[in-house]
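Have a look at the structure below, then the notes.
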Amino acid sequence: GYLGGIFANAPFVVMVNHIGWRLSLLIFAILSIFFSVIYYFVANKANSAKIKSSKKINFNLYKKVLKSHTNLKAIIYACAIYGSFYVLQTEICKKFLQDFCQFSSIKSATIMSVTATLYALSGILLAFLSKEFYHRKIFFLKVVSSISCLLVLGICTCLILNIKTSFIAVAF
């Protein structure tokens, strides 16, 4: 899932600069079809549990999970972190870095590819740390969301005060 954010930035911009956007899109389309076909065959060979179609969805189980204060906090923190990152990365960041910070297209795209890579790796790190610290996810989610909020506040401050600094790229 994160490969889209990684490859749609720097590699795509480099390809467009070298071979044009039409051929770049064609190559990415062919690669997508190729990997989708491979996934189709691999997924069909995997042993997956049979779904019992006679069973109905039990919404009471969802209610039980959502009534837990700890689960609700984890869901809210995770949604805030991922939602803000996703919106920033896919909609705002690259163009903002180009227009406001006056970075080149390739530099902005590289920053966003690195950001997507770090975000993908941070999920693995968060899961590992959570397990090592006896599944205390809430602590890590609070730390990450607090840092995210501070960084977004810093970006907004730079924007309001018209401070064009590389801190914004680091904050992203």
Side-chain angles (χ1 to χ4, degrees), residues 1-13 32 35-36 39 43 46 48-101 103 107-172:
Y2 295 107
L3 289 178
I6 295 167
F7 286 104
N9 285 297
F12 183 69
V13 170
S32 296
F35 286 113
S36 295
Y39 176 77
S48 57
K50 296 281 184 190
I51 297 173
K52 296 178 182 177
S53 60
S54 62
K55 274 205 158 197
K56 303 273 185 196
I57 294 177
N58 185 354
F59 288 105
N60 289 330
L61 296 174
Y62 292 104
K63 288 178 189 175
K64 185 177 179 181
V65 169
L66 293 174
K67 281 184 181 178
S68 166
H69 189 64
T70 303
N71 289 343
L72 202 53
K73 283 195 303 189
I75 291 167
I76 290 170
Y77 287 128
C79 289
I81 294 164
Y82 183 78
S84 61
F85 171 78
Y86 186 79
V87 168
L88 286 174
Q89 186 200 21
T90 58
E91 302 298 327
I92 299 170
C93 287
K94 184 177 176 292
K95 189 67 175 150
F96 178 78
L97 290 174
Q98 286 177 251
D99 293 348
F100 185 75
C101 299
F103 290 164
K107 186 174 184 179
S108 300
T110 302
I111 290 168
M112 296 320 305
S113 287
V114 169
T115 301
T117 304
L118 291 174
Y119 190 77
L121 294 174
S122 73
I124 297 167
L125 179 64
L126 179 63
F128 171 77
L129 289 174
S130 174
K131 183 179 178 189
E132 291 300 310
F133 289 95
Y134 307 104
H135 300 287
R136 291 191 169 95
K137 294 179 194 99
I138 297 299
F139 170 76
F140 295 109
L141 289 169
K142 282 182 180 179
V143 169
V144 170
S145 34
S146 298
I147 291 170
S148 296
C149 288
L150 287 173
L151 291 174
V152 169
L153 182 63
I155 291 169
C156 290
T157 302
C158 290
L159 183 61
I160 291 168
L161 299 176
N162 201 28
I163 300 170
K164 298 177 181 187
T165 174
S166 59
F167 161 78
I168 294 170
V170 173
F172 282 140

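Position 1 is the first residue of the sequence, and the numbers go up from there.
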Could you tabulate the donor-acceptor pairs under 3.5 Å formed by side-chain atoms of residues 152-159, not counting sequence neighbours?
| unit_1 | atom_1 | unit_2 | atom_2 | d |
| --- | --- | --- | --- | --- |
| T157 | OG1 | L153 | O | 2.8 |

Indicate yes or no for a side-chain donor-acceptor contact from N71 to the backbone of V65 under 3.5 Å, with no hydrogens or angles considered.
yes
Closest non-hydrogen atom pair, L151 against A171
CD1-O, 3.6 Å
Using a 6.0 Å cut-off, check whether atom NZ of K73 has over 12 heavy atoms from anything other than its own residue.
yes
Applying side chain to side chain contact (heavy atoms under 4.5 Å, CB included) to S122 and not counting sequence neighbours gives Y119
Any residue meeting side chain to side chain contact (heavy atoms under 4.5 Å, CB included) with L118, in chain and number order, not counting sequence neighbours:
V114
For L66 and I75, which heavy atoms make the closest approach, and how far apart are they?
CD2-CD1, 3.6 Å
Any chance you could measure K164, atom NZ, to C101, atom SG, to the nearest 0.5 Å?
8.5 Å
Is the shortest heavy-atom distance from the side chain of K94 to the side chain of I111 under 4.5 Å?
no
With sequence neighbours left out, the residues meeting ring-ring contact (aromatic ring centres under 6.0 Å, His included) with F103 are none
Smallest separation among heavy atoms of A10 and S113, with atom names
N-OG, 2.9 Å
ring-ring contact (aromatic ring centres under 6.0 Å, His included) filter on F100, not counting sequence neighbours, yields F96
Who pairs with D99 by side chain to side chain contact (heavy atoms under 4.5 Å, CB included), at least two apart in sequence or on another chain?
K95
Could you walk me through whether L97 and K107 pass the side-chain contact (heavy atoms from CB on, under 4.5 Å) check?
CA-CA 9 Å; L97 290 174; K107 186 174 184 179; over 6 Å; no
